[in-house]
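Report on one structure; see the data block that follows.
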Amino acid sequence: PSLTNLAGILFNVDEASFPVGYVAAAAAAQNDPADPQVGYIGGMQIPPVEQVIVAYEEGVKYYNAKYGKKVKFTGVYVGDFEAPDQGKNQANSLIDEGVDVIMGVGGKTGNGGIAAAKERGKPGVGVDVDQYFTLPNEKDILVTSTLKRLDKAVFNTIKAAVEGAFPGGSNYIATLANEGVGVGPFHDQEALIPANVVTDLAEVAVLDIDGRRSFGYASTYFDTPELDAYLAAARRRPRRYKVRTRSYLDAERSLVELKV
């Protein structure tokens with residue numbers, strides 16, 4: 001945002017997806033000790049989705065390193081956010097290949113993947129919000145969700161304005177440290193997560209907050225003129241930039257790979 005009465009809110013969702021990947025690896029190891037596998041169903045392969053998936057995989061790797069395990073990681077980008085049937089079909093293929101936990105990362109397409117997990121008796125992982133409350137048919141198989149805490153981020157931005165510190169003309173960055181992103185509750189799957197892994201999450205969170213852990217995704221922020229230029233170009237040539245309606249988060253992340 002370039003106006004002083006306007007502030008953007010960006011989410012470092014990779015900071016939350018890393019510990020969620022750690023939990024998913026533990027769930028897979030519990031369900032299938034002989035050949036544990038964690039998978040995902042992605043929408044379009046664009047930076048905002050990759051931000052979640054790359055850190056998710058890093059969490060699996062961290063679990064493997066800590067416990068000497070060999071939890072595998074795999075997944076599919078469907079190329080669409082509005083294709084639940086395709087998401088479901090791809091998830092069934094992954095499950096046929098041995099995947100034990102499915103994360104849906106991509107709107108309705110990802111939800112289709114979680115629906116397949118439900119039908120096949122596999123645990124699932126949600127994104128953006130606590131999908132235990134948005135997927136009533138699948139809520140009982142959800143291990144956790146990678147959360148964007150819009151409530152916290154909006155509240156903190158309003159609080160800053162009340163206190164005379166409104167970040168006008170710039171962005172509020174939602175992180176694990178300020179509770180703008182987080183790991184969702186385990187709900188009905190709590191018994192699946194070993195006590196030692198629950199304890200480990202406190203350690204993983206410290207790694208996140210202190211910035212001592214690489215999540216595999218470069219959280220690079222750009223100046224407002226670059227964001228504005230990207231959005232302007234995306235509006236002129238939406239097919240080239242693979243956008244319909246894009247948030248500032250999408251634009252900011254896309255600048256990592258695309259030049260205007």
Side-chain angles (χ1 to χ4, degrees), residues 13 16-43 49 52-53 55-57 59-60 63-64 67 69 71-78 80-149 181-198 200-201 204:
V13 71
S17 193
F18 175 77
V20 166
Y22 188 85
V23 170
Q30 286 285 103
N31 265 5
D32 184 9
D35 184 26
Q37 297 185 43
V38 171
Y40 68 86
I41 295 298
V49 179
V52 175
I53 291 173
Y56 187 54
E57 181 178 12
V60 173
Y63 175 84
N64 286 339
Y67 288 105
K69 300 292 186 179
V71 180
K72 299 174 185 176
F73 186 83
T74 186
V76 176
Y77 285 100
V78 173
D80 196 319
F81 292 119
E82 302 287 333
D85 290 341
Q86 291 184 50
K88 188 174 184 179
N89 290 339
Q90 292 291 349
N92 275 317
S93 294
L94 291 177
I95 294 170
D96 289 340
E97 294 169 6
V99 167
D100 303 291
V101 179
I102 295 286
M103 176 191 246
V105 194
K108 294 178 181 178
T109 303
N111 291 347
I114 294 175
K118 165 73 174 184
E119 292 181 2
R120 301 289 294 275
K122 301 293 183 180
V125 176
V127 294
D128 293 338
V129 299
D130 186 349
Q131 291 201 273
Y132 185 87
F133 299 106
T134 62
L135 296 176
N137 293 328
E138 293 80 29
K139 67 178 186 178
D140 59 313
I141 58 101
L142 288 176
V143 176
T144 185
S145 297
T146 298
L147 303 180
K148 293 179 182 176
R149 294 295 306 272
V181 298
V183 178
F186 303 146
H187 294 298
D188 299 340
Q189 293 292 319
E190 188 169 5
L192 181 63
I193 310 302
N196 61 299
V197 172
V198 176
D200 291 345
L201 283 179
V204 173

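Values in this document were obtained by computation on a predicted structure and should not be read as measured data. In this chain, residues are counted from 1 in sequence order.
For Asp128, the salt bridge (charged side-chain N to carboxylate O under 4.0 Å, His left out) test picks out Lys148, with sequence neighbours left out. Scanning for side chain to side chain donor-acceptor pair (under 3.5 Å) contacts around Tyr63 gives an empty result, with sequence neighbours left out. Applying the side chain to side chain contact (heavy atoms under 4.5 Å, CB included) criterion to Asp32, with sequence neighbours excluded, gives Ala34, Asp35, Asp100. Shown here are the side chain to side chain donor-acceptor pair (under 3.5 Å) partners of Gln131, two or more places apart in sequence or in another chain: Asn111. With sequence neighbours left out, Lys69 forms a salt bridge (charged side-chain N to carboxylate O under 4.0 Å, His left out) with no residue at all.
A heavy-atom distance below 4.5 Å is not found between the side chains of Tyr22 and Val183. For the pair Val127 and Val20, the minimum side-chain heavy-atom distance is 4.5 Å or more. At a threshold of 4.5 Å between non-hydrogen side-chain atoms, the residues Tyr67 and Asn196 count as touching.
To the nearest 0.5 Å, atom CG of residue Leu94 and atom OG1 of residue Thr74 are 5.5 Å apart. Considering CE of Met103 and CG of Leu142, their distance stands at 10.5 Å, rounded to 0.5 Å. Rounding to the nearest 0.5 angstrom, the gap separating the CG atom in Asp130 from the CZ atom in Arg149 is 9.5 Å. Atom-to-atom distance recorded for Ile193:CD1 and Asp200:CG is 11.5 Å, nearest 0.5 angstrom. One distance of note links OG1 of Thr109 with CD1 of Ile41; it measures 9.0 Å at 0.5 Å rounding. The distance from atom CD of Gln30 to atom CD of Gln189, rounded to the nearest 0.5 Å, is 11.5 Å.
The backbone N or O of Ala55 lies less than 3.5 Å from no partner atom in the side chain of Ser17, so there is not a single donor-acceptor pair. In this structure, Thr144 contributes its side chain and Gly184 its backbone to a donor-acceptor pair below 3.5 Å.
When all heavy atoms are compared, the tightest approach of Pro33 to Pro36 is O-CD, 3.7 Å. Annotation for Ala27 and Leu192: closest pair CB-CD2, 3.7 Å, computed over non-hydrogen atoms. Minimum heavy-atom separation, Ala28 to Val38: CB-CG2, 3.9 Å.
Applying the ring-ring contact (aromatic ring centres under 6.0 Å, His included) test to pairs two or more places apart or on separate chains, those with a residue in residues 122-146 are Tyr132-His187, Phe133-His187. Residue pairs meeting the salt bridge (charged side-chain N to carboxylate O under 4.0 Å, His left out) criterion with at least one partner in residues 186-195, sequence neighbours excluded, are absent. For residues 104-115, the set of pairs meeting the salt bridge (charged side-chain N to carboxylate O under 4.0 Å, His left out) definition, not counting sequence neighbours, comprises Glu82-Lys108. Listed by first and then second residue, the ring-ring contact (aromatic ring centres under 6.0 Å, His included) pairs involving residues 24-43 are Tyr40-Phe73, Tyr40-Tyr77 (not counting sequence neighbours).
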Using atom types as modelled, flag every donor-acceptor pair under 3.5 Å from a side chain in residues 112-126 to any protein atom, sequence neighbours excluded.
residue, atom, partner, partner atom, Å
Lys118, NZ, Asp140, OD1, 2.8
Lys118, NZ, Asp140, OD2, 2.9
Glu119, OE1, Lys88, NZ, 3.4
Glu119, OE2, Lys88, NZ, 2.6
Arg120, NH1, Asn92, OD1, 3.0
Arg120, NH1, Asp96, OD1, 3.2
Arg120, NH2, Asp96, OD1, 2.8

Show the numbers, then the answer: is there a side-chain contact (heavy atoms from CB on, under 4.5 Å) between Phe81 and Val49?
CA-CA 11 Å; Phe81 292 119; Val49 179; 3.8 Å; yes
